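Following this message is one structure expressed as structure tokens.
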Amino acid sequence: MLAGKEERAEWWLLPFRIPGTCLELVHDVEKEKETHSYLSKEEIKEKVHKYNLAVTDKLKMTLNSNGIYTGFIKVQMELCKPPQTSPNSGKLSPSSNGCMNTLHISSTNTVGEVIEALLKKFLVTESPAKFALYKRCHREDQVYACKLSDREHPLYLRLVAGPRTDTLSFVLREHEIGEWEAFSLPELQNFLRILDKEEDEQLQNLKRRYTAYRQKLEEALREVWKPD
């Protein structure tokens, strides 16, 4: 299956560094390699069966005899500015942040095709190359937004992750937008938690350094004032 190729995804993280005594916020891109294993028809059948058992909104997957499966994905629109649409299209603007769209797709559909389908649904005239599809993952108490390659297969990712959107969700964003506008509120809150943790660690390290320095200074003073 096409969904079994190795793809390289960009994980948007914000590590925080404090060089010397200056607190610095560093925006970095960490690359993580994901291996999409080939699945046999039996493995696909088993996963589809387990997926459908876990579905709570009736949006189940259907497995065809050729091993190709179809199903639904939900994509949240997080666009900073209204895209250009056809005049008098009568379509609701996809720029409404938080707007959730449900698409019925196949396991063979790529990210690029999903973006095109979304733009076609709203009669958006702008080039699909201006947009990117992200997957948002929750790990423990942290949120990560991963930009997907155009060759990724969203339904495969949905199948592997299961139907729960709090584990994996999809977001449509512009390709070239401001540094902070590229992140959702939960992601920004996560960055603040990381910053608070880093700040506390650096403060504790600084206190330990000065406590040790003070002790050595006091020992030196006692040696100087020691009676003969």
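For clarity, every value in this text was computed on a predicted model and none was experimentally measured.
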Quiz prompt | All side chain to side chain donor-acceptor pair (under 3.5 Å) counterparts of E46, not counting sequence neighbours | solution =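 Partners of E46 by the side chain to side chain donor-acceptor pair (under 3.5 Å) criterion, ordered by chain and then number, come out as K50.
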Quiz item: Are L203 and L192 connected in the hydrophobic side-chain network, where two residues link if heavy atoms are under 4.5 Å apart?
Solution: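 Looking at the clustering, L192 is in a separate group from L203.
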Exercise. Using salt bridge (Lys or Arg N to Asp or Glu O under 4.0 Å) as the criterion, list what pairs up with E218, not counting sequence neighbours.
Key: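 For E218 the salt bridge (Lys or Arg N to Asp or Glu O under 4.0 Å) partners, ignoring immediate neighbours, are R214.
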Quiz item: Which residues pass the side chain to side chain donor-acceptor pair (under 3.5 Å) test with E42, sequence neighbours left out?
Solution: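 Listed in chain order: nothing, the list is empty.
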Practice problem: Not counting sequence neighbours, which residues clear side-chain contact (heavy atoms from CB on, under 4.5 Å) with E113? List them please. | Solution: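 So E113 forms a side-chain contact (heavy atoms from CB on, under 4.5 Å) with N109, T110.
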Quiz prompt | Those residues that, when tested against R164, pass salt bridge (Lys or Arg N to Asp or Glu O under 4.0 Å) (two or more places apart) | solution =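 D166.
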Quiz prompt | Derivation and outcome, side-chain contact (heavy atoms from CB on, under 4.5 Å), residues V75 and M100 | solution = CA-CA 6 Å; V75 181; M100 188 73 70; 5.7 Å; no
Quiz item: For Y156 and Y69, what are the C-alpha separation, side-chain angles and deciding distance, and is it a side-chain contact (heavy atoms from CB on, under 4.5 Å)?
Solution: CA-CA 9 Å; Y156 173 86; Y69 48 96; 3.7 Å; yes
Quiz item: Can you list the other members of the hydrophobic cluster that holds Y213, where links are side-chain heavy atoms under 4.5 angstrom apart?
Solution: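 When side chains under 4.5 Å apart are linked, Y213 ends up in no cluster with other residues.
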Self-check item: Sidechain-backbone polar pair: Q202 side chain, E199 backbone, donor-acceptor under 3.5 Å
Solution: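 Not confirmed, Q202 side chain does not pair with E199 backbone.
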Quiz prompt | Members besides L59 in its Ile/Leu/Val/Met/Phe/Trp/Tyr cluster (side-chain heavy atoms under 4.5 Å) | solution =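 Result for L59 is F72.
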Quiz item: Among all residues two or more places apart in sequence or in another chain, which pass the side-chain contact (heavy atoms from CB on, under 4.5 Å) test with D200?
Solution: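 In terms of side-chain contact (heavy atoms from CB on, under 4.5 Å), with neighbours along the sequence ignored, D200 is linked to Q204.
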Quiz item: Do other residues, nucleotides or ligands put more than 12 heavy atoms under 6.0 Å from H104 NE2?
Solution: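 Above 12, so yes.
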Quiz prompt | L172 and Q76, any side-chain heavy atoms less than 4.5 Å apart | solution =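 No. Closest side-chain heavy atoms not under 4.5 Å.
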Quiz item: Salt bridge check: are E198 and R193 linked by an N-O gap of less than 4.0 Å?
Solution: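 The answer is no: the pair does not qualify as a salt bridge.
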Practice problem: Tell me, please, which residues at least two apart from Q215 pass side chain to side chain donor-acceptor pair (under 3.5 Å). | Solution: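 Partners of Q215 by the side chain to side chain donor-acceptor pair (under 3.5 Å) criterion come out as none, since no residue qualifies.
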Self-check item: Inter- and intrachain pairs under salt bridge (Lys or Arg N to Asp or Glu O under 4.0 Å), touching residues 55-77, at least two apart
Solution: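 Passing the test, one end in residues 55-77: D57-K74.
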Practice problem: Please say whether the positively charged group of R173, taken as NZ for Lys or CZ for Arg, lies over the ring of F131, i.e. under 6.0 angstrom from the six-membered ring centre and within 45 degrees of the axis. | Solution: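 No, R173 and F131 do not form such a contact.
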Quiz item: Looking at residues at least two apart in the chain, or sitting in another chain, which of them share a salt bridge (Lys or Arg N to Asp or Glu O under 4.0 Å) with R208?
Solution: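 Residues passing salt bridge (Lys or Arg N to Asp or Glu O under 4.0 Å) with R208: none at all.
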Quiz item: Is the backbone of I68 close enough, under 3.5 Å, to the side chain of N66 for a donor and an acceptor to pair up by distance?
Solution: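 Looks like yes, one N/O pair under 3.5 Å.
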Exercise. For E201, enumerate each residue passing the side chain to side chain donor-acceptor pair (under 3.5 Å) test, keeping only those at least two apart in sequence or located in another chain.
Key: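 E201: no side chain to side chain donor-acceptor pair (under 3.5 Å) contacts found.
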